[in-house]
Amino acid sequence: MALRYSLRVVRYSAQNAVADFAATYTWKSWLFGWLGRMLSQVVFFTLAGRLLGSPSLHRERFVGNSVMTCVVEAMMVVASSAWERRAGTLPLLVSSPAGLFEVFFGRSLQWVVSGTATSFVALLALGPFFGVHWAPAAVPVVVVVLLVTSLGSYCFGLFLSVLVLQATQLRNIVSNVSYLAMMTFCGVQVPVGYWPAPIGWVAECIPITHGLRAMNALAAGGRADMVGQQVLEAALCGVFWVLVAAAAFRLLAERGRRDGSIEYSA
Amino acid sequence: MRVFTASFRFQCQLLRRSPGDLSVLVTAPFFSLLFLSMADQAHRSALTPYAVVAPVFMSVWSMSLFVAGDLISRERGTGTLEGLVATPASLSVMVIGRITAAVTVSMLAFAETWLIAWLCFGIVVRVPHPLMLMATLATSALSMAGTASVLAAVFVLVRSARIFQNTLSYPVYLLSGVLVPISALPEWLRPLSKPIFLYWGAALLRDSLSPSDVSSPVGRLLAVTALGAIGFLAGRLLMHQVLRRVRVLGTLGRT
């Protein structure tokens, strides 16, 4: 019963996400503006790798930067969660019977869908130009890997958004720094092993590290169990972050109720 | 000139009070780390100037786009845009003053990327042509402000600047060769690079970090300046037209 109620809250909140997305983009501005920009980003970093980086990692770098686009979008949850506080609706959400976490979980799901679509187009449309071809049977698996990576990153972003709800002026900095840190340390441009071991340990807790390994294995025609294991690990990272985010939202709401720190404008 | 300096000062005060607006100074070291790690992993340290210059221009361009869009959105949001337009001071000059301030501050990205190269990779990037470096940074900053003023005029007209801001980042980095030489682009795209001042500025900045002589420095600096001046004049003209249109239609404050 409680789960059904929570899912209903997520569904209503996701409707809000769809409305938000429709107010931000038309299909033309998404296709020619946003998608064009993200495809340019993939080409930019892949060519940067060709100029500066190791030629043996050329294919991995294209795959990595294509998958990265869904993470960039998923991390927008940090900024869009902060909009609630700036709009003055956070106290109303805290005082309503619906759980704060469920509301925020549904609130920014548009980025997961849009991000998955962006990465999918990048991998399939740009792939042949960079020597990456997909067998028809691999295409549904590509979608699954992207969805798991995007959703896992979204859960990580949800946790960060709790921190940003307390300092909304930092929303863009946190969102940008988090995706750039993932791009730097999680194996997108250089292998994770290049960095000192402690950075590698942290990278193992981030969904994109495993999502990338799964996608690279898939692109190289690797065994299904190898792909499956990395997808599972990415999903486990996502579950870890969603639990941390849920606990953090509960703490935020409890503290706000107790000390009145959630005001009507920020 | 008084409007320009007052706007410049005002933007500096705004930046001091809202650290969130200085996000490019936080992201520049990451871009630098990213490019330098690629070169280091492939043992291509000779390409360090590319890895140092690109984050500077990416940061400054990103900052000018942000300020050009945000200053109009914020004035509109606080209901002060109509007041600004009604004053005798020129909105174009005010916009240029504010963008120049933001661009000047974001030039600190050069010091950041230089420090990242030194502290994280032990690479001391030498500056064999310091005068050329200073001249390139100064002319590029002014050209950046001039070009961004065109965007500010467009942002007065459109409802949401965010889509334009996002769209004009990576396509411009690609086209202007801030990191990857334009020879990597398809031949039919290359003529589009030369009218972008970033193309000339980035190449000059790279050359000022290279031990060999800088070829035709005056002509290339003039190209940066001339393209900035064209941007400024186009921005003024466009702003004039746009303001006339929104006055007639009564849509200036529309959000």
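To find a chain, count down the sequence lines: A is the first, B the second, and so on, and within it residues start at 1. Scope of the values below: all heavy atoms of this structure, side chains included, with no hydrogens, waters or symmetry mates.
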Out of curiosity, A:Met182 CE to B:Phe30 CZ, how far, rounded to the nearest 0.5 Å?
-> 11.0 Å
Rounded distance (nearest 0.5 Å) linking atom OG of B:Ser169 with atom CE of A:Met38 = 9.0 Å
Rounded to the nearest 0.5 Å, what separation is found between the CG atom of B:Leu179 and the CZ atom of A:Phe45?
-> 8.5 Å
Non-hydrogen atoms of chain B under 4.5 Å away: do they reach the side chain of A:Leu35, the backbone, both or neither?
-> neither
For B:Ser37 and A:Val190 the tightest heavy-atom approach is O-CG1, 3.7 Å
Honestly, the part of B:Phe35 sitting under 4.5 Å from a heavy atom of chain A is both
Verdict with supporting geometry, A:Val43 and B:Val180, side chain to side chain contact (heavy atoms under 4.5 Å, CB included) | CA-CA 10 Å; A:Val43 174; B:Val180 182; over 6 Å; no
B:Gln13 atom CD, over 12 foreign heavy atoms within 6.0 Å | yes
In Å and rounded to the nearest 0.5 Å, what is the CG to OG distance from A:Asn176 to B:Ser62?
-> 8.0 Å
Can you check whether A:Ser40 reaches B:Tyr173 side chain to side chain, under 4.5 Å on heavy atoms?
-> no
Selection from B:Leu33, B:Val24, B:Leu22 maximising heavy-atom pairs under 4.5 Å formed with chain A = B:Leu33
Atom group of B:Val178 that falls short of 4.5 Å from chain A, counting heavy atoms = side chain
With rounding to the nearest 0.5 Å, note down the distance linking OG in A:Ser54 to CZ in B:Arg44.
-> 7.5 Å
Counting heavy-atom pairs under 4.5 Å with chain B, the top scorer among A:Trp34, A:Phe185, A:Trp30, A:Phe32 is A:Trp34
Would you give the length of the straight line joining atom OH of B:Tyr50 to atom CG of A:Leu51, rounded to the nearest 0.5 angstrom?
-> 6.5 Å
With only heavy atoms counted, which part of A:Ala181 is less than 4.5 Å from chain B, the side chain, the backbone, both or neither?
-> both
Side chain, backbone, both or neither of A:Tyr194 within contact of chain B (heavy atoms, under 4.5 Å) = side chain
Could you tell me which portion of A:Arg50 (side chain, backbone, both or neither) has an atom closer than 4.5 angstrom to a non-hydrogen atom of chain B?
-> backbone
So what's closer than 4.5 Å to chain A heavy atoms on B:Pro181: side chain, backbone, both or neither?
-> side chain
Would you name the heavy atoms of B:Met38 and A:Gly49 that are closest together and state the gap between them?
-> SD-CA, 3.6 Å
